[in-house]
Amino acid sequence: MSRSFVRIAAAPVLLAAFAFPQMARAHAVLVDSTPKANETVHGPSIQIHLKFNSRVDGARSTVQLALEDGSVHTLELSSQATQDEIVTHADGLSKGSYSIRWQALSSDGHLTRGQIPFLVDK
């Protein structure tokens with residue numbers, strides 16, 4: 001094999017190795033939350049705190065609370081203290097199962113979604 005063929009063949013592999021980690025970091029990935037998935041919390045009021053691996057556009061992101069009866073309530077977001085966090089709260093929660101549904105818009109325009117189930121014991 002000639003050296004030029006090896007260089008040409010290796011170029012796409014090197015490009016992919018450097019390009020894909022950048023693409024993975026482009027999405028806002030949830031790295032921590034309060035409450036955590038499947039955690040039991042005390043009600044009737046809770047603070048919801050979502051931390052991401054990158055900046056998110058708080059004005060274009062949403063957080064909803066899904067109740068056991070299937071109803072979904074959109075929660076009002078607090079102003080962002082840091083660019084990688086979304087904070088809100090839920091009031092009037094009784095004992096039962098709930099789920100936080102979030103949608104975050106990263107600074108580069110990628111939209112990510114997730115769900116965090118949790119329980120309220122009081």
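Just so it is clear, the model here is predicted, and its values are computed rather than measured.
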- Query: Are Asp84 and Lys51 within salt-bridge range, i.e. N to O under 4.0 Å?
  - Reply: yes
Just verifying a value: how many Å separate [X] [atom1] and [Y] [atom2], rounded to the nearest 0.5 Å?
| X | Y | atom1 | atom2 | value |
| --- | --- | --- | --- | --- |
| Arg113 | Leu105 | CZ | CG | 10.5 Å |
| Leu65 | Ile48 | CG | CD1 | 6.0 Å |
| Leu77 | Thr62 | CG | OG1 | 7.5 Å |
| His42 | Leu93 | NE2 | CG | 13.5 Å |
| Gln83 | Ser54 | CD | OG | 10.5 Å |
| Gln103 | Ile86 | CD | CD1 | 9.5 Å |

- Just wondering, more than 12 heavy atoms not from Glu39 lying within 6.0 Å of its CD? yes
- Task: Using distance alone, with no hydrogens and no angle criterion, decide if Asp121 and Thr40 have a side-chain donor and acceptor under 3.5 Å apart.
- Result: no
- Task: Assess the side chains of Gln64 and His73: does a donor N or O sit below 3.5 Å from an acceptor N or O?
- Result: no
Side-chain heavy atoms of [X] within contact of [Y], under 4.5 Å:
| X | Y | answer |
| --- | --- | --- |
| His49 | Glu85 | yes |
| Ile116 | Leu30 | yes |
| Thr34 | Leu50 | no |
| Ile46 | Phe118 | yes |
| Ile100 | Pro35 | yes |
| Val120 | Tyr98 | yes |
| His27 | Ser106 | no |

- Same apolar cluster: Leu67 and Val63, side chain cutoff 4.5 Å: yes
- Kindly give the heavy-atom pair with the smallest separation between Asn53 and Val29, and that separation in Å. OD1-N, 2.7 Å
- Query: Looking at Thr112 and Ala28, what are the two nearest heavy atoms and their distance?
  - Reply: OG1-O, 2.8 Å
[X] side chain to [Y] main-chain N or O, any donor-acceptor pair under 3.5 Å?
| X | Y | answer |
| --- | --- | --- |
| Gln80 | Val56 | yes |
| Asp108 | His110 | yes |
| Ser61 | Asp57 | yes |
| Glu76 | Thr88 | no |

- Item | Geometric class of the Phe52/Trp102 ring pair [parallel <30°, tilted 30-60°, perpendicular >60°] | perpendicular
